[in-house]
A.B. asks: 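I'd like to ask you about the structure that follows.
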Protein chains: 2
Amino acid sequence: MDNYEGSDPWNTSSNAWTKDDDHVVSTTNSEPSLNGISGEFNTLNFSTPLDTNEEDTGFLPTNDVLEESIWDDSRNPLGATGMSQTPNIAANETVIDKNDARDQNIEESEADLLDWTNNVRKTYRPLDADIIIIEEIPEREGLLFKHANYLVKHLIALPSTSPSEERTVVRRYSDFLWLREILLKRYPFRMIPELPPKRIGSQNADQLFLKKRRIGLSRFINLVMKHPKLSNDDLVLTFLTVRTDLTSWRKQATYDTSNEFADKKISQEFMKMWKKEFAEQWNQAASCIDTSMELWYRITLLLERHEKRIMQMVHERNFFETLVDNFSEVTPKLYPVQQNDTILDINNNLSIIKKHLETTSSICKQETEEISGTLSPKFKIFTDILLSLRSLFERYKIMAANNVVELQRHVELNKEKLESMKGKPDVSGAEYDRIKKIIQKDRRSIIEQSNRAWLIRQCILEEFTIFQETQFLITRAFQDWAKLNSNHAGLKLNEWEKLVTSIMDMPISRE
Amino acid sequence: MDNYEGSDPWNTSSNAWTKDDDHVVSTTNSEPSLNGISGEFNTLNFSTPLDTNEEDTGFLPTNDVLEESIWDDSRNPLGATGMSQTPNIAANETVIDKNDARDQNIEESEADLLDWTNNVRKTYRPLDADIIIIEEIPEREGLLFKHANYLVKHLIALPSTSPSEERTVVRRYSDFLWLREILLKRYPFRMIPELPPKRIGSQNADQLFLKKRRIGLSRFINLVMKHPKLSNDDLVLTFLTVRTDLTSWRKQATYDTSNEFADKKISQEFMKMWKKEFAEQWNQAASCIDTSMELWYRITLLLERHEKRIMQMVHERNFFETLVDNFSEVTPKLYPVQQNDTILDINNNLSIIKKHLETTSSICKQETEEISGTLSPKFKIFTDILLSLRSLFERYKIMAANNVVELQRHVELNKEKLESMKGKPDVSGAEYDRIKKIIQKDRRSIIEQSNRAWLIRQCILEEFTIFQETQFLITRAFQDWAKLNSNHAGLKLNEWEKLVTSIMDMPISRE
């Protein structure tokens with residue numbers, strides 16, 4: 001786990017943004033920096049357009065460039081026509097005192113933000129029970145290469161599908177793989193859960209491995225169904241309901257895999273609502289995701305190791321039991337009854353001890369089953385979510401980049417060229433028009449990329465907002481952990497107290 | 001551990017004794033067989049002496065030979081003069097009905113046996129607290145080869161030594177070795193405890209090894225001091241009280257190392273009291289000593305492994321604690337407080353969990369210290385005693401053999417020779433006398449060996465009788481084991497219940 005801090009593009013120290021400069025162009029490489037800089041972004045206060053007669057491109061980027069980082073708060077030139085715009089402050093409105101209006105705006109956007117946040121939060125309930133059960137179908141299919149089939153059953157009616165009695169479909173591992181690839185294409189900036197490995201080494205028939213894989217698939221699909229966006233995806237619902245063999249269905253069906261932003265425009269409300277600290281929070285989370293993953297993974301590992309320890313103790317208790325049993329067979333030879341009948345009493349107590357070992361051994365066995373069956377999953381679901389968040393950070397690093405800054409520099413240069421061409425007789429009209437077209441093309445691209453950048457921003461804020469609900473998984477995990485341990489400590493104490501009482505009269509002397 | 005049964009000379013099946021034959025000569029090799037055969041041994045009913053005028057050798061062995069096995073019940077010719085003899089039934093006593101007298105005798109010897117047994121039992125209290133403490137003196141002595149010195153302190157006044165304030169002497173490992181060799185010479189047919197190894201491989205400076213060695217020396221000397229015979233040995237008391245350097249004392253002192261039988265005669269009471277089932281009991285115990293050792297040794301090993309498991313759990317809890325601590329540092333970055341103040345509450349509960357882990361970890365640590373400090377020794381003392389009993393069986397196999405049978409055969413042959421020489425004129429008187437001398441010499445040897453055999457019998461019955469008291473060590477070991485586990489199960493339950501209550505309000509949702 002390389003130290004994210006070091007090579008972390010989000011790391012403000014390695015990023016030339018400085019708190020006080022405004023509109024400073026980031027000197028890092030083209031990778032997007034989520035770092036917000038100071039300077040209140042006032043989405044309403046659009047500067048005058050570059051060229052009033054450029055209607056077709058609406059408000060065009062002026063020198064208040066949208067820095068590479070879509071998270072930068074420098075003024076945003078967006079306002080391209082056709083985008084849902086909050087009604088512009090009517091030109092002829094009396095100019096309210098600029099600060100009052102501004103405070104009033106902030107209050108409004110705070111309220112909007114709170115509503116927006118609460119609405120988003122409500123859509124995500126990670127503590128809810130799983131609604132999908134996966135069972136492995138015993139006999140394995142396939143001529144040459146045998147593969148495992150799974151019964152995938154949804155326990156409740158699925159959104160936007162006609163409720164049918166039959167809620168079970170048969171799927172194989174590659175169907176899950178296909179589904180995940182679809183989700184990644186459609187929702188690259190969402191928390192897409194990971195899949196368990198198809199095989200480990202050449203191992204894909206070993207029972208334990210298959211059991212773990214089935215559990216992993218179940219965790220994957222249930223996390224998908226807990227996600228507000230993914231759970232409503234038509235192909236997810238197809239995956240869960242289409243009763244035919246999905247592999248063949250996939251080959252002949254046509255479906256759209258474009259990402260969720262396709263022909264969407266950012267809303268003014270969101271732009272108004274946006275606050276720079278979201279970027280800082282996002283950056284902070286990104287900076288500690290690996291450490292958190294590592295720590296939580298080790299906590300989960302310790303839990304599993306504790307389970308193994310108890311299992312070892314179960315084996316040792318069984319062995320202890322056999323030893324005590326065998327020992328009670330030889331004692332009458334070491335201590336001939338003719339010499340002392342106390343040995344028979346001692347042997348009776350040895351069988352009480354044996355019984356105790358048997359009982360506590362089954363309690364421990366029960367404990368390990370509960371740990372692996374119910375407790376461990378409560379910890380692992382959180383590991384899965386952290387994993388999906390980390391992958392989201394990684395995808396973000398790769399896919400959220402844009403070259404708006406280069407384009408704007410390119411526009412500036414071309415504008416200067418146009419200026420310098422004005423009034424010169426030997427300048428050809430065609431060249432002048434060619435440069436003008438390039439400028440227009442660059443501007444359209446800037447607008448598209450900026451819109452995409454804003455949509456990504458919104459998407460990621462949604463994901464980060466629903467992620468906040470996962471903190472309660474920590475509570476549930478540790479509360480269940482405490483209850484399980486307390487319950488079993490009670491069962492064990494009860495057995496030990498019974499034993500102390502029942503062997504109290506084990507002969508300790510002849511009197 | 002070779003299977004004792006197979007090569008076991010005590011094994012009746014490999015021994016030609018058969019239940020119904022009386023006085024059958026054992027055809028096994030000269031190794032002593034502890035097997036008793038049927039036929040009530042009547043110590044009182046001596047058959048008439050071989051040759052009435054052989055006063056000087058008193059009652060001489062007749063054809064009722066004492067089989068190789070000192071345990072054989074065939075009539076015993078012993079009655080050599082000078083031995084404390086129960087008053088012989090006065091020749092002129094009216095002959096009471098032989099069976100009545102015999103029953104009455106049996107009752108008497110039963111009563112005697114019970115007294116004898118109880119008296120022997122009282123002298124051995126293996127459950128008593130140790131009276132000797134051994135501490136290692138830090139600085140190691142010796143020019144070239146450094147050796148460890150030990151402070152050997154007796155906590156109570158020692159038998160037959162003038163009570164002095166100063167109860168501490170300084171001893172080194174080789175002094176213990178010397179003492180054990182003395183005991184083996186003097187008491188070959190007693191349960192002499194084993195010594196811990198001087199070194200393991202080249203290892204004799206490693207702290208853990210030295211600690212185990214010190215504990216082993218302490219177990220050795222305390223078992224010696226619990227033994228009724230060994231604890232009264234003058235050289236044992238010298239070892240514990242002579243304040244000078246024992247190594248030099250040993251070199252210049254003269255002391256007797258002959259065994260305890262030297263010039264002792266077996267008592268008639270004991271011979272009367274003897275019962276053939278003691279041999280069977282002794283044989284039975286010998287037949288299962290290895291199995292018992294193996295079983296008890298594994299029980300003790302499981303106990304130590306349980307201790308190690310708990311120690312592993314202590315390390316894992318400490319590690320768990322650190323993980324939880326570190327995790328609570330990253331949570332505010334994953335869950336920015338601005339978005340939710342619940343994370344602070346979750347973190348408070350994480351520190352409660354951390355405190356709980358710390359407390360339960362120290363409880364577990366305490367548990368391991370009690371297991372190794374007080375519980376394990378309660379099991380190991382029994383292992384030591386079984387070891388000393390097994391070594392006694394082995395020494396017995398080697399040292400208790402006698403060649404009485406060969407001697408008796410030799411006597412028969414020579415007697416026949418004498419008979420055949422009687423009435424023959426050409427027989428030289430010197431040859432006749434020579435043969436007669438050989439017969440007398442053989443007879444004296446038969447008497448000495450028979451007496452030694454009886455003394456060994458008595459000694460071993462004493463040891464086997466005191467060994468019977470060790471069954472109560474089994475009780476104490478398991479009762480202490482149950483109490484310790486019950487006590488710690490209670491402490492742990494208490495902590496878990498406290499934790500369940502205190503993290504009950506850990507935020508599980510925003511409401």
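Throughout, a chain's letter reflects where its sequence line sits, starting with A, and its residues are numbered from 1. From a predicted model like this one, the values you see are computed outputs, not experimental measurements.
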A.B. asks: Looking at CG of Leu323(A) and CZ of Arg298(B), how far apart are the two atoms once the value is rounded to the nearest 0.5 Å?
C.D. replies: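 Reported value, rounded in 0.5 Å steps: 7.0 Å.
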A.B. asks: Does some side-chain heavy atom of Phe464(B) sit less than 4.5 Å from a side-chain heavy atom of Gln339(A)?
C.D. replies: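 Answer yes - side chains close enough.
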A.B. asks: Based on non-hydrogen pairs under 4.5 Å, which of Glu329(A), Arg305(A), Glu497(A) is most in contact with chain B?
C.D. replies: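 Among Glu329(A), Arg305(A), Glu497(A), the one with the most close pairs to chain B is Arg305(A).
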A.B. asks: With a 4.5 angstrom heavy-atom cut-off, is it the side chain or the backbone of Ile299(B) that approaches chain A, or both, or neither?
C.D. replies: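 Contact with chain A is through both the backbone and side chain of Ile299(B).
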A.B. asks: Could you point out which residue of Asn347(B), Thr331(B), Asp345(B), Thr342(B) forms a side-chain hydrogen bond (donor to acceptor under 3.5 Å, both in side chains) with Gln471(A)?
C.D. replies: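 Of all the options given, the one that passes is Thr342(B).
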A.B. asks: Check the pair Trp496(A), His488(B) against side chain to side chain contact (heavy atoms under 4.5 Å, CB included), reporting the backbone distance first and the verdict last.
C.D. replies: CA-CA 10 Å; Trp496(A) 282 111; His488(B) 281 278; over 6 Å; no
A.B. asks: Check whether any side-chain N or O of Gln479(B) sits under 3.5 Å from a backbone N or O of Ile503(A) as a donor-acceptor pair, and report yes or no.
C.D. replies: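 Yes, Gln479(B) side chain to Ile503(A) backbone: donor-acceptor pair under 3.5 Å.
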A.B. asks: Between Arg125(A) and chain B, which part of the residue has a heavy atom less than 4.5 Å away: side chain, backbone, both or neither?
C.D. replies: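 Neither part; nothing is under 4.5 Å.
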A.B. asks: Taking every non-hydrogen pair under 4.5 Å, which of Arg476(A), Glu495(A), Lys492(A), Gln338(A) racks up the most with chain B?
C.D. replies: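 The option with the most such pairs is Gln338(A).
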A.B. asks: Answer with side chain, backbone, both or neither: which region of Leu127(A) has an atom nearer than 4.5 Å to a non-hydrogen atom of chain B?
C.D. replies: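 It is the side chain, since no backbone atom gets that close.
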A.B. asks: Any idea how His356(A) and Trp481(B) line up, ring-wise: parallel (<30°), tilted (30 to 60°), or perpendicular (>60°)?
C.D. replies: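 It falls in the perpendicular class, over 60°.
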A.B. asks: When heavy-atom pairs shorter than 4.5 Å are enumerated against chain A, which of Thr117(B), Leu302(B), Leu499(B) gives the highest number?
C.D. replies: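 Most heavy-atom pairs under 4.5 Å with chain A: Leu302(B).
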A.B. asks: Return the orientation label for the Trp296(B) and Phe327(A) ring planes: parallel under 30°, perpendicular over 60°, tilted otherwise.
C.D. replies: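 Rings of Trp296(B) and Phe327(A): tilted, as their planes differ by 30° to 60°.
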A.B. asks: When only pairs under 4.5 Å are counted, which of Asn326(A), Leu334(A), Val330(A) shares the most heavy-atom pairs with chain B?
C.D. replies: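 Highest number of heavy-atom pairs under 4.5 Å: Leu334(A).
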A.B. asks: Please tell me if the side chains of Gln284(B) and Pro332(A) come closer than 4.5 Å, counting only heavy atoms from C-beta onward.
C.D. replies: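 Heavy-atom side-chain distance check fails, nothing below 4.5 Å.
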A.B. asks: Does any backbone or side-chain atom of Arg121(B) lie under 4.5 Å from a heavy atom of chain A? Answer side chain, backbone, both or neither.
C.D. replies: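 For Arg121(B), the contact with chain A is made by the side chain alone.
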A.B. asks: Identify which of Met313(B), Arg317(B), Gln312(B), Arg510(B) forms the greatest number of heavy-atom pairs closer than 4.5 Å to chain A.
C.D. replies: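 Sorted descending by pairs with chain A, the first entry is Arg510(B).
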A.B. asks: Pick from Pro507(A), Ala285(A), Ala489(A): which one has the most heavy-atom pairs with chain B under 4.5 Å?
C.D. replies: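 Sorted descending by pairs with chain B, the first entry is Pro507(A).
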A.B. asks: Determine the option with the most heavy-atom pairs under 4.5 angstrom with chain B, choosing from Met506(A), Gln468(A), Met504(A), Gln281(A).
C.D. replies: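 Looking at each of Met506(A), Gln468(A), Met504(A), Gln281(A) in turn, Gln468(A) comes out on top.
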A.B. asks: Would Ile474(A) and Tyr335(B) count as a side chain to side chain contact (heavy atoms under 4.5 Å, CB included) if you check the C-alpha gap in whole Å, the side-chain angles of each, and the deciding distance to 0.1 Å?
C.D. replies: CA-CA 12 Å; Ile474(A) 301 170; Tyr335(B) 304 101; 4.1 Å; yes
A.B. asks: Roughly how far, to the nearest 0.5 Å, is CZ of Phe478(A) from CD1 of Ile353(B)?
C.D. replies: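 Those atoms lie 5.0 Å apart.
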A.B. asks: Could you grab the distance from atom CZ of Arg309(A) to atom CD1 of Ile310(B), nearest 0.5 Å is fine?
C.D. replies: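 Between atom CZ of Arg309(A) and atom CD1 of Ile310(B) there are 11.5 Å.
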A.B. asks: Among Thr465(A), Leu389(A), Thr470(A), which residue forms the greatest number of heavy-atom pairs with chain B at distances under 4.5 Å?
C.D. replies: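 Highest number of pairs under 4.5 Å: Thr470(A).
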A.B. asks: Got a sec: does the NZ of Lys333(A) have more than 12 other heavy atoms crowding it under 6.0 Å?
C.D. replies: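 No.
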A.B. asks: Please classify the contact between Asn349(A) and chain B as side chain, backbone, both or neither, with a heavy-atom cut-off of under 4.5 Å.
C.D. replies: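 Neither; nothing under 4.5 Å.
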A.B. asks: So what's closer than 4.5 Å to chain B heavy atoms on Glu469(A): side chain, backbone, both or neither?
C.D. replies: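 The answer is both parts of Glu469(A).
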A.B. asks: For Ile343(B), which atoms come within 4.5 Å of any heavy atom of chain A: side chain, backbone, both, or neither?
C.D. replies: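 Both backbone and side chain.
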A.B. asks: Report which part of Leu473(A) has an atom under 4.5 Å of a heavy atom belonging to chain B: side chain, backbone, both, or neither.
C.D. replies: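 Interface part for Leu473(A): neither.
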A.B. asks: Among Leu493(B), Asn485(B), Leu491(B), Asn494(B), find the residue that satisfies the side chain to side chain contact (heavy atoms under 4.5 Å, CB included) test when tested with Leu493(A).
C.D. replies: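 The single option meeting the side chain to side chain contact (heavy atoms under 4.5 Å, CB included) with Leu493(A) is Leu493(B).
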A.B. asks: Between Ile346(A) and chain B, with a heavy-atom cut-off of 4.5 Å, which part of the residue counts as in contact: side chain, backbone, both or neither?
C.D. replies: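 Only the side chain of Ile346(A) comes within 4.5 Å of chain B.
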